[in-house]
Amino acid sequence: MVGAHFLDTNALPILHQDLVGGLDVFVDNKWHKVRPIPGVLVINVGGVFAALSNGIYSSSLHRAVVNSHKERRSLVFFMCPRADKLVKPAEELVPTSEGHKKVSGFHMVRFA
Ligand SMILES: O=C(O)CCC(=O)C(=O)O
Ligand SMILES: [Fe+2]
């Protein structure tokens, strides 16, 4: 059974999944299994990091798939800027020509 699809909004979510697995990531128009490796954490790119990098990195679509045989557990650590903080790309990553500016600043409250 396929659970929710996620495009994380925060910066760099840190995820630990158990050895049952079930985390998939959508790359090149296909779902790929993220194979669980003992002691290894998965770091996703969230919307805040994508914005800070001015779109050099983009948030990856991922999902959790569960099965009817074995319970699956995952633990995710999210870290978000305060709602009143302006999230915007580092100046040195913003092209000087306005026409090429990809990401404008936003407040986290936009995601609430
Ligand atoms: O359950 C999982 O492994 C994925 C959870 C996740 O990525 C999320 O909650 O944003
Ligand atoms: Fe996620």
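The first residue in the sequence is number 1, and the count goes up from there. Every value quoted in this text rests on a predicted model; they were computed, and no experiment measured them. All ligand and atom numbering here is 1-based and tracks the order in the structure. Values reported hereafter were calculated over all heavy atoms of this structure, with side chains retained and with hydrogens, waters and symmetry mates removed.
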Taking distance alone, with no angle check, do Asn44 and ligand 1 share an N/O pair under 3.5 Å? no
Looking at ligand 1, does Arg63 have a heavy atom less than 4.0 Å from it? no
Counting neighbours of OH on Tyr57 that are heavy atoms of other residues, nucleotides or ligands and sit closer than 6.0 Å, is the number greater than 12? no
So the atoms of ligand 1 within less than 4.0 Å of a heavy atom of Ser74 turn out to be 1 (O), 2 (C), 3 (O)
Among protein heavy atoms, which lies nearest atom 3 (O) of ligand 1, and at what distance? Arg72 NH2, 2.7 Å
Nearest non-hydrogen protein atom to atom 5 (C) of ligand 1, with distance, is Phe6 CE1, 3.7 Å
Are any side-chain N or O atoms of His32 and backbone N or O atoms of Val27, one a donor and one an acceptor, separated by less than 3.5 Å? yes
Between Asp8 and Asn10, is there a donor-acceptor pair closer than 3.5 Å when you use the side chain of the first and the backbone of the second? no
Taking all non-hydrogen atoms of both residues into account, name the closest pair between Ser59 and Leu7 and its distance. O-CD2, 3.5 Å
Does the side chain of Asn54 reach to within under 4.5 Å of the side chain of Pro95, using non-hydrogen atoms? yes
Do you know which two heavy atoms are closest between Lys33 and Asp24, and how far apart they sit? NZ-OD1, 3.3 Å
Atoms of ligand 1 close to Asp8 [distance to a heavy atom under 4.0 angstrom, numbered from 1]: 10 (O)
I'd like to know if Gln17 contacts ligand 1, where contact means a heavy-atom distance under 4.0 Å to any ligand atom. no
Return the residue, atom name and 0.1 Å-rounded distance of the protein heavy atom closest to atom 4 (C) of ligand 1. Leu15 CD1, 3.5 Å
